[in-house]
Each structure stands twice: as C-alpha cells, then as structure tokens.
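Have a look at the structure below, then the notes.
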Amino acid sequence: SGTLFVVAAGNDGQDFPIGSPGAASSALTVGAVDRDEALAEFSSRGPRVGDFAVKPDITAPGVGIVAARAAGTFLGTPVDEHHTAASGTSMAAPHVAGAAALLAQRYPDLTGPQLKDALASTAARHPELSVFAQGGGRVDVPRAVEQGVFATGTLDLGQIEDGAASRAREGTY
C-alpha cells in the first residue's frame, strides 16, 4: 500500500529478539534511548531471527516520557491528575511517527519506504552502540527535514558465512 508502519521494538532488552510486528522488513521499528542518548536497558535489540537482518531501524526518546493519562488510570508514574511519566519503546515510536508526518509534509511525494529510508539515513548514530541496538541511530528531525538527500536506510548484507569471498548490495540516494 505504500503506507509506513512505525512500530515499537519491544521491551524485552537483549534477552529476546525483536518480535512481530517489529520484525517485519517494511516496518520502521523503533528502539528507545534515554535523555543521555544511552540505549534503554529494556529496548529490544536485533539481529532479526532467521536472517540476521538489522532491527530496530531507528531509536527515539522512550524513558520517562510525560504523556496524557485517562482519569482513574495509573500507568507509569502519575505526574498530576492529567499526566503520567512512562517508559518503553511504545513511548519512543510516537516520536518517530511524528517525525515521519513532518517529513511527509515537507516532501509529499515520498512513499512509506522512502520515508523510512529518509529517517534512518539521517538519524544521529551513537558511536558506542551497535547497529543491532540502534539501527541508523536516534531520530534527528531537523536533519531529516532539511537535508534533502536521503539514502537507503539500512544496507543489509545478510549473514556472511566464514570463507565467503564477497557480498554486494545496492544502495540508493
């Protein structure tokens, strides 16, 4: 359909791989970082089971996020009668969905897969995290909106067996 599905990576940490729907190739799968840009301990990591593909695709703030809460609910840590603070990749995914909406407004001809590539290829990579922890890095909205040139978000070479001579894939700008 060309629709971009932004999904949470899951909150199982490094003990369990990313499951459905985040494991889907076409999904823009989002991990969580804290305010210091460290990967949240709970944020699920890749590689994807079966083919060792890169997941998550990107990260976003997902620790201690203050959001609206319904009356009488107690999810997270209540801040006041109308707000709560919660942590999870489900708190990070809306940041990326909003970034995708802003990018789609700026570049209305981009398809869902192109939006995914644009966000992942303009993300701020953390030098101490592996690609299987952060994908392209933390979403960078100003860079995504202003850059104007985007690349394939993740160039996945797949699992390379010992002794393999070489492997090639194409990237797109």
In this structure, which one of I58, V96, T29, L28 forms a side-chain contact (heavy atoms from CB on, under 4.5 Å) with K116? L28
Using the side-chain contact (heavy atoms from CB on, under 4.5 Å) definition, which of the options V139, D57, V141 pairs with L119? V139
Looking only at atom types and distance, does a side-chain atom of [X] sit under 3.5 Å from a main-chain N or O of [Y], one as donor and one as acceptor?
X	Y	result
D80	H82	yes
K55	S44	no
R125	A123	no
T73	A70	yes
Y107	V145	yes

Hey, is CD on Q147 packed in by over 12 heavy atoms from elsewhere, all under 6.0 Å? yes
If every non-hydrogen atom of [X] is compared with every non-hydrogen atom of [Y], which pair is closest and at what distance?
X	Y	value
M91	A67	CE-CB, 3.9 Å
L39	V33	CA-CG1, 4.1 Å
L4	G112	CD1-O, 3.6 Å
F132	F52	CE2-O, 3.7 Å
S43	A32	OG-N, 2.9 Å
P56	A133	CG-O, 3.5 Å

Separation of [Y] [atom2] from [X] [atom1] (nearest 0.5 Å):
X	Y	atom1	atom2	result
T122	E146	OG1	CD	10.5 Å
R138	H95	CZ	NE2	10.5 Å
Q114	L103	CD	CG	10.5 Å
D34	I65	CG	CD1	10.0 Å

Among all residues two or more places apart in sequence or in another chain, which pass the side-chain contact (heavy atoms from CB on, under 4.5 Å) test with H126? E37, E128, L129, Q134
Answer with yes or no whether the hydrophobic clustering places L115 together with F5; edges join I, L, V, M, F, W, Y residues whose side-chain heavy atoms lie under 4.5 Å apart. no
Quick one about S25 and R48 (side-chain donor to acceptor, distance below 3.5 Å, no hydrogens or angles considered), yes or no? yes
Stepwise side-chain contact (heavy atoms from CB on, under 4.5 Å) check, V30 with V7: CA-CA 6 Å; V30 184; V7 298; over 6 Å; no
Between R69 and L75, does a side-chain contact (heavy atoms from CB on, under 4.5 Å) hold up when you go through it step by step? CA-CA 8 Å; R69 73 179 174 107; L75 175 70; over 6 Å; no
For residues 9-23, run the donor-acceptor check on the side chains, cut-off 3.5 Å, and write out each pair with its distance to 0.1 Å, sequence neighbours left out.
residue : atom : partner : partner atom : Å
N11     : OD1  : T89     : N            : 2.9
N11     : OD1  : T89     : OG1          : 3.2

When you look at F42 and V63, which way does the side-chain contact (heavy atoms from CB on, under 4.5 Å) test go after all the steps? CA-CA 10 Å; F42 58 78; V63 177; 4.0 Å; yes
